[in-house]
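I have placed the structure first, in the form of structure tokens, so that the comments after it can refer back to it.
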Amino acid sequence: LGDEEIETSEIQIFYKEEPEYQNLSQNSSPPSEVAPLKIRNYQLELALPAKEGKNTIICAPTGCGKTLVSLLICEHHLKKFPQGRKGKVVFFAIHLPLYEQQKSVFSQYFERRGYKVAGISGATSENVVVDQIVENNDIIILTPQILVNSLKDGTIPSLSVFTLMMFDECHNTSKHHPYNMIMFNYLDQKLGGSSDPLPQVVGLTASVGVGDAKNRDEAMEHICKLCASLDASVISTVKDNLQELTEVVYKPEKNFRKVESRTTDGFKCIISQLMRETESLAKSIFDELGAVTPENLSRFQNRDFGTQKYEQWIIAVQKACIVFQLPDKAEESRICKALYLYTSHLRKYNDALIISEHARMKDALDYLKDFFNNVRAAGFDETEQDLTRRFEEKLPELESVSMDPSNENPKLKDLCFILQEEYHLNPETRTILFVKTRALVDALKKWIEENPKLSFLKPGILTGRGKTTNNTGMTLPAQKCALDAFRTNGDNKILIATSVADEGIDIAQCNLVILYEYVGNVIKMIQTRGRGRAKGSKCFLLTSNADVIEKEKMNMYKEKMMNDSILSLQAWDEAIFKEKVCQIQIHEKSIRDSQGKAKPVLDKKNKKLLCRKCKAFACYTADIRVVEECHYTVVGNAFRECFVCRSHPKPKIFGSFEKKAKIYCAREDCSHDWGICVKYKTFEIPVIKIESFVVEDIATRVQTLYAKWRDFNFEKIPFDAAEMSN
Ligand SMILES: [Zn+2]
């Protein structure tokens, strides 16, 4: 694992919308006595094929109560065994919050009925005996990686220990997702001719998706492939009880509003000029350094001012010129700091352009004034003074442009119109307004508060916890607090949110969803629409970009294609469908097997590793040792001279490692991110990522780049503690 992979394996916390399990959803702390469940006819319909023992994918909209369907199937399954035999169910949840929720729902439902329920998640797996827990319980809730690991190390010898496997959010069963790793094991057993019984498989999802399909045939292929991955012979959807379903899950109509942008934009002209100036100041530093330019510092190309792409580029450059804390290492410190200041200013200007594009110029200007006030209050060195002076020179011009009523943003007029109209029709309306960035959330909140026509809305905000942005996002308790206020406080009529809030928020009474310059893929769209499921709900997409509307129409087309494809597949004869699924499974297995076997020949020649940014020599491949099969360290004292450590912003423990610091190229003016420094057993060792280096053949001097260690076939010598002690 490289450092990056460790970062991304962090578990996202989000709010599961789901009152899936109706009676529990009303209370934040579940009651000990569960009220009798109201089972709807469509839920019985959805559960039927699985109750008959068929491997099934259950596809039904968010909010219709799929959890109850899974409880019904599970209960029926456990009860059907004759005296002396027992069933064993495993239920998979992809995220920790989902896991927690399902574990509590299953425990409450089944423990009263005399079944034993247990759960193991990534957070609890450290000191538990997985096989014992599986042995001693009837229902086991897992995050899927736990089972992948247990199958790999043999703790669980075979999936035959289970009689039923249930996959929540089963559309994830593809590529190298842990769900698919589990199913690879299942299919190897099925196709390998083992006589051990295999568990029944049931998948649950709101949308099977269509992948990149452009027509119905391709969509059908995609869905068949998902069925093959889950060994499903039936797709269960609501058909006989559609009327009842639409009463529970209302599907609001989507309205598209194409709005015009400003025709002339004096604000953008001035800010763009300031950005060009700042970029050339940064560039002059690079020129001073010689070969290194901002372009080869980062791979983003063709960047336009005022875009999210530009922001990504700036973040990448900033990462590459990380600031030194030592004022004495004068030269490096001076350069890094100046670059940091230039890039921070560029980032703020970029933010301001995005704000001005979607909100008022005044909001964008306030944002910049705020920023410069903070700059003035802090260090305020020569570079900052220079940048501030350049901004102040333009300030009067910016002020007058943003005060000019002819520069009012036509998009906001349209948004105001929609809100007035909807609140006129129904004063009890509750709105969620999705926007792209955190800064826009603040700008729109201010705009609503300062707009006499809308100030009655008393907006609340909900944003992510801000991992990548300068301003720290909301904390988890703050998020919960904002949601509670929106739910319980009648005055708080509108919630302005970023995409982070998109998946699974429980906003019960929301009946107006406004997507303000906002798009997503088809699965995302269905979930977003799940927010406004109260009857009479509406959804508006407001944009000045015709592409955005096109893209969203494409999503709707894909959804229709998906539904049509499912209908045609359901019309197939079950035996023929099973045969088709089996053909795909055999084909996919042969691809997997051949990929596994065709291992390229080991290259035993010693090679050099050079810093990818400055090409300084780092180490030889002969000095690399592999720790626990996937981490790569370098032995010998020579290498220790080549890097510097800086304490990690988020030290943490993963497996048998304790992440202590990040390591960087020791060359002045390079500081390229090489990896991390960890405590492993009694050793403090560097762990490097191959994507930070260039591999050079010693004889031919041919250079090769690798993104992953597993792609790089050199003689991989296992780490040996004895060698370290010598
Ligand atoms: Zn370097």
Side-chain angles (χ1 to χ4, degrees), residues 2-7 282-300 313-340 342-343 606-624 631-649 659-678 684-698 701-709 711-712 714:
D3 189 44
E4 285 311 307
E5 285 171 82
I6 294 158
E7 302 283 339
K283 196 170 171 302
S284 65
I285 291 195
F286 285 116
D287 289 345
E288 199 183 313
L289 293 177
V292 200
T293 66
E295 274 71 26
N296 63 24
L297 265 176
S298 156
R299 44 187 198 283
F300 293 91
W313 176 77
I314 276 294
I315 291 170
V317 172
Q318 244 174 15
K319 257 185 164 172
C321 340
I322 206 155
V323 197
F324 258 49
Q325 304 291 331
L326 312 165
D328 289 320
K329 286 184 76 181
E331 185 64 358
E332 183 169 84
S333 174
R334 181 185 71 83
I335 286 167
C336 284
K337 186 155 182 227
L339 286 174
Y340 179 79
Y342 291 142
T343 50
N606 195 10
K607 292 191 166 56
K608 279 180 181 174
L609 256 62
L610 312 177
C611 172
R612 196 174 280 200
K613 196 165 124 195
C614 72
K615 299 285 178 87
F617 172 76
C619 68
Y620 290 105
T621 51
D623 298 327
I624 295 176
H631 306 286
Y632 292 76
T633 188
V634 183
V635 294
N637 288 328
F639 183 64
R640 304 217 167 230
E641 305 292 310
C642 299
F643 67 83
V644 291
C645 280
R646 251 162 267 149
S647 59
H648 201 281
K659 184 155 82 177
K660 307 278 275 191
K662 285 184 70 99
I663 62 172
Y664 301 91
C665 177
R667 264 283 267 277
E668 296 213 347
D669 310 339
C670 177
S671 299
H672 193 46
D673 178 355
W674 278 8
I676 54 176
C677 188
V678 301
E684 291 235 353
I685 55 170
V687 171
I688 57 171
K689 45 184 179 183
I690 191 62
E691 66 183 51
S692 300
F693 300 91
V694 179
V695 176
E696 186 179 277
D697 189 289
I698 295 171
R701 305 202 62 178
V702 170
Q703 296 186 343
T704 317
L705 300 181
Y706 298 98
K708 302 268 174 224
W709 282 108
D711 303 332
F712 181 20
F714 63 105

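Ligands are counted one by one from 1 in listed order, and the atoms in each one are counted from 1 as well.
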For F693, give me all partners under ring pair (Phe, Tyr, Trp, His ring centres under 6.0 Å), at least two apart in sequence or on another chain.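 Partners of F693 by the ring pair (Phe, Tyr, Trp, His ring centres under 6.0 Å) criterion, ordered by chain and then number, come out as W674.
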
Checking Q703 now: which residues fulfil side chain to side chain donor-acceptor pair (under 3.5 Å) with it, not counting sequence neighbours?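 For Q703, the residues satisfying side chain to side chain donor-acceptor pair (under 3.5 Å) (neighbours in sequence not counted) are K615, E696.
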
Please name all residues satisfying side-chain contact (heavy atoms from CB on, under 4.5 Å) with D623, sequence neighbours left out, ordered by chain then number.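 If we apply the side-chain contact (heavy atoms from CB on, under 4.5 Å) test to D623, skipping adjacent residues, the hits are Y620, V634, V635.
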
How close do D697 and K607 get, heavy atom to heavy atom, and via which atoms?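 Looks like OD2-CE, 3.9 Å.
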
Search all heavy atoms of F639 against all heavy atoms of P686 and return the closest pair with its distance.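 The pair with the smallest heavy-atom distance is CE2-CG, 3.9 Å.
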
Please indicate how many protein N/O/S atoms are found closer than 2.8 Å to the Zn ion (ligand 1), with waters neither displayed nor included.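 Near the Zn ion (ligand 1), the number of protein N, O or S atoms below 2.8 Å is 4.
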
Side chains of D711 and I690: does their closest heavy-atom pair fall under 4.5 Å?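 A side-chain contact is absent here, since even the closest heavy-atom pair is not under 4.5 Å.
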
